[in-house]
Amino acid sequence: MLSQTCYIRNDNGDVLVLSQMWGPSHFFLILCLWACLDALPVAVNKTKVSPPVEELEPPKSADTGLHYDRYLREVIDFLEKDPHFREKLHNTDMEDIKQGKLAKELDFVSHHVRTKLDELKRQEVNRLRTLIKLKQDANGEKGMTVDHQALLKQFEHLNNMNPHTFEVEDLDRLIKSATNDLDNFDKERHEDFKKYEMAKEHDRKEHLKTLDEDARKKEEEHFEELKKKHADHPKINHPGSQDQLKEVWEEADGLDPNDFDPKTFFKLHDTNGDGYFDEQELEALFTKELEKVYDPTHEEDDMMEMEEERLRMREHVMNEVDTNKDRLVSLDEFITATNRKEFLEPDGWETLEQNPIYTEEELREFEEHLAREEQDLNLKTNDLMKQREELERQQEQLNAQKMELQRAVEHMERSKTEPPVQSKEDTGRMSGVKGSRK
């Protein structure tokens with residue numbers, strides 16, 4: 001999952017957190033939207049919720065973050081225009097879509113759509129070829145012959161053996177690649193965060209080594225003080241529990257907590273009205289809880305940790321509520337979850353500071369890896385320095401040879417234009433010859 005977060009201050013001086021989350025659900029959400037475009041949102045009690053000033057178009061789905069995102073979107077847009085394919089999608093469950101059963105229906109779409117898909121594939125192949133060339137140039141291989149056919153094999157979202165037409169295999173590859181790539185986003189995000197935390201600790205320890213004993217002691221005391229300040233926060237409600245949702249209902253929606261209604265809550269926060277909570281909509285529900293722990297103006301609060309906490313909350317709710325594992329929460333799944341005992345009497349929620357991100361062994365291995373990378377970098381730097389010195393020496397030799405050659409050429413040019421210089425013996429002999437002739 002990708003995220004963008006910014007912080008602005010309103011007229012009252014309060015800091016507002018604006019987040020845009022890009023997660024694995026968006027590809028599946030786009031597919032599900034095909035089957036749900038005709039669904040209308042349930043009306044909300046207008047005495048409690050102010051009606052919008054004007055009708056707004058449904059927001060465009062967020063960028064998936066995939067390098068072939070544009071190709072994916074354009075293929076989906078044109079398939080959506082085919083009535084037959086759209087009808088089949090409506091009657092196909094998500095698991096069958098993932099397994100590629102829907103891809104076989106490509107043979108029955110209209111000629112116009114197939115022609116457009118062929119064009120989109122050719123454009124994508126050309127884009128990939130351009131990327132390959134740019135990478136080659138960046139690696140100093142400019143001018144070398146490129147086997148594009150072989151290099152295109154690394155891109156699994158299309159059939160590179162046929163770069164001209166969009167076939168069933170192309171749609172099957174596109175669906176499976178997007179499914180696999182997006183499923184790995186959260187895992188990669190967790191790994192990146194763990195490395196971020198270990199790098200922070202490593203840098204802190206390295207900084208301590210540069211200080212004298214008194215300064216190091218003060219720095220350690222300051223660090224422990226910041227940890228205590230960060231841990232001193234109000235109780236965090238269990239994500240997805242009645243207490244957590246009621247707090248959103250009261251503070252964000254401005255409604256009476258005694259009137260809490262799960263169905264109305266769902267309709268209020270299903271912001272695109274598609275009948276599902278996607279990952280972005282779920283994560284937006286946790287902002288109030290996160291604000292109890294994280295403040296961008298406080299030294300002890302790390303906004304990267306806030307986004308990791310948001311991700312953990314969303315994953316937890318998805319695991320508990322998303323029973324069909326399509327990475328979306330339907331209204332039925334949501335209502336079912338609110339009738340469980342866990343919804344009414346949840347366990348406590350442990351925040352990041354209560355759950356170690358890494359072990360001492362992982363930190364040691366990470367630091368050893370950094371040391372090896374630094375050693376390799378130093379070796380490469382030394383090799384480059386030696387190469388530079390050798391090149392400079394060779395350049396000096398070339399310059400000396402060039403100067404010597406230039407002096408020789410100048411001497412030859414002077415020899416051609418100046419009369420030869422006669423020695424005293426030659427002058428004497430010439431004088432003797434002239435005397436004898438007399």
Side-chain angles (χ1 to χ4, degrees), residues 1-10 12-19 21 186-236 286-313 348-389:
M1 182 201 63
L2 304 179
S3 66
Q4 286 186 335
T5 306
C6 61
Y7 310 95
I8 61 174
R9 193 177 297 275
N10 62 15
N12 297 325
D14 300 323
V15 175
L16 307 179
V17 182
L18 304 179
S19 298
M21 298 298 162
D186 285 351
K187 181 179 179 181
E188 292 173 0
R189 169 72 182 274
H190 286 307
E191 286 301 314
D192 288 343
F193 178 74
K194 180 186 290 187
K195 292 177 182 177
Y196 168 78
E197 287 291 304
M198 289 190 293
K200 269 198 343 182
E201 177 63 13
H202 172 74
D203 291 343
R204 187 185 74 85
K205 289 163 61 176
E206 290 298 307
H207 173 64
L208 291 176
K209 293 178 182 178
T210 65
L211 305 177
D212 59 38
E213 186 175 350
D214 290 339
R216 185 163 54 250
K217 183 178 179 180
K218 290 180 180 179
E219 188 71 17
E220 289 281 22
E221 290 174 352
H222 180 62
F223 177 71
E224 292 300 323
E225 180 184 350
L226 291 179
K227 286 175 63 176
K228 289 180 181 179
K229 287 178 65 177
H230 175 70
D232 184 18
H233 54 72
K235 175 190 173 184
I236 302 299
F286 310 137
T287 298
K288 284 292 179 182
E289 297 302 317
L290 294 169
E291 287 176 348
K292 297 176 182 178
V293 185
Y294 298 95
D295 186 331
T297 64
H298 292 175
E299 181 186 1
E300 66 272 14
D301 297 336
D302 187 333
M303 295 301 104
M304 287 286 289
E305 293 178 357
M306 182 183 78
E307 294 307 321
E308 174 69 10
E309 191 78 74
R310 190 192 301 271
L311 174 60
R312 289 176 65 243
M313 289 179 172
W349 178 256
E350 294 185 346
T351 53
L352 282 175
E353 71 268 10
Q354 297 170 290
N355 290 275
I357 304 299
Y358 53 84
T359 64
E360 288 298 321
E361 177 66 17
E362 287 175 325
L363 179 60
R364 184 184 63 79
E365 292 177 356
F366 178 77
E367 291 181 323
E368 289 176 353
H369 176 71
L370 288 181
R372 288 194 299 270
E373 283 189 336
E374 184 177 1
Q375 184 179 11
D376 292 342
L377 183 60
N378 290 335
L379 289 174
K380 290 179 181 179
T381 301
N382 290 334
D383 288 342
L384 289 173
M385 290 294 293
K386 290 178 181 179
Q387 292 177 24
R388 178 180 176 181
E389 291 172 358

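Hydrogens, waters and symmetry mates are skipped; everything else that's a heavy atom, side chains included, is used. Sequential numbering from 1 along the given sequence is applied to the chain's residues.
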What pairs of donor and acceptor atoms, side-chain ones from residues 374-384 against any protein atom, are under 3.5 angstrom apart with sequence neighbours left out?
from : atom 1 : to   : atom 2 : distance (Å)
N378 : ND2    : E374 : O      : 3.2
T381 : OG1    : L377 : O      : 2.7
N382 : ND2    : N378 : O      : 3.2

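Applying the side chain to side chain donor-acceptor pair (under 3.5 Å) test to Y358 and every residue at least two apart in sequence or in another chain returns nothing. Every side-chain contact (heavy atoms from CB on, under 4.5 Å) that E373 has, sequence neighbours left out, goes to H369, L370. For D192, there are no side chain to side chain donor-acceptor pair (under 3.5 Å) partners at least two apart in sequence or on another chain. With sequence neighbours excluded, the residues satisfying side chain to side chain donor-acceptor pair (under 3.5 Å) with E299 are H222.
To the nearest 0.5 Å, atom NE2 of residue H207 and atom CG of residue D203 are 10.5 Å apart. Between E305 atom CD and E353 atom CD the span is 8.5 Å, to the nearest 0.5 Å. Atom NE2 of H190 is separated from atom CD of E308 by 5.0 Å, given to the nearest 0.5 angstrom.
The stretch residues 211-220 participates, sequence neighbours left out, in these side-chain hydrogen bond (donor to acceptor under 3.5 Å, both in side chains) pairs: R204-E220.
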Next item on the list: Report the C-alpha distance between R364 and E360 in whole Å, list the side-chain angles of each, state the deciding distance to 0.1 Å, and finish with yes or no for salt bridge (charged side-chain N to carboxylate O under 4.0 Å, His left out).
Entry: CA-CA 6 Å; R364 184 184 63 79; E360 288 298 321; over 6 Å; no
Item checked: Derivation and outcome, side-chain hydrogen bond (donor to acceptor under 3.5 Å, both in side chains), residues R312 and T351 -> CA-CA 9 Å; R312 289 176 65 243; T351 53; over 6 Å; no
Check: So K209 and E206, side-chain contact (heavy atoms from CB on, under 4.5 Å) or not? Walk me through it.
Finding: CA-CA 5 Å; K209 293 178 182 178; E206 290 298 307; 3.0 Å; yes
Item checked: L208 vs F223, side-chain contact (heavy atoms from CB on, under 4.5 Å): CA-CA, chis, key distance, verdict -> CA-CA 11 Å; L208 291 176; F223 177 71; over 6 Å; no
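You'll find the side chain of E367 reaches within 4.5 Å of the side chain of K205, heavy atoms only. In this structure the side chain of K292 reaches within 4.5 angstrom of the side chain of E289, judged on heavy atoms.
Here the shortest heavy-atom pairing between D295 and D301 reads N-OD2, 2.9 Å. The nearest pair of heavy atoms linking L352 to E309 is N-OE1, 2.9 Å. Of all heavy-atom pairs between F286 and R310, the closest is CD1-O, 4.1 Å.
The pair E197-K200 meets the salt-bridge criterion, with a side-chain N (NZ, NE, NH1 or NH2) lying under 4.0 Å from an Asp/Glu carboxylate O. Ionic pairing of K386 and E389 is not present here: no N-O contact between side-chain nitrogen and carboxylate oxygen is shorter than 4.0 angstrom.
Ring planes of Y294 and H230: tilted class, angle from 30 to 60°.
When each of K195, K194, E201 is paired with I357, the side chain to side chain contact (heavy atoms under 4.5 Å, CB included) condition holds for K194 and for no other.
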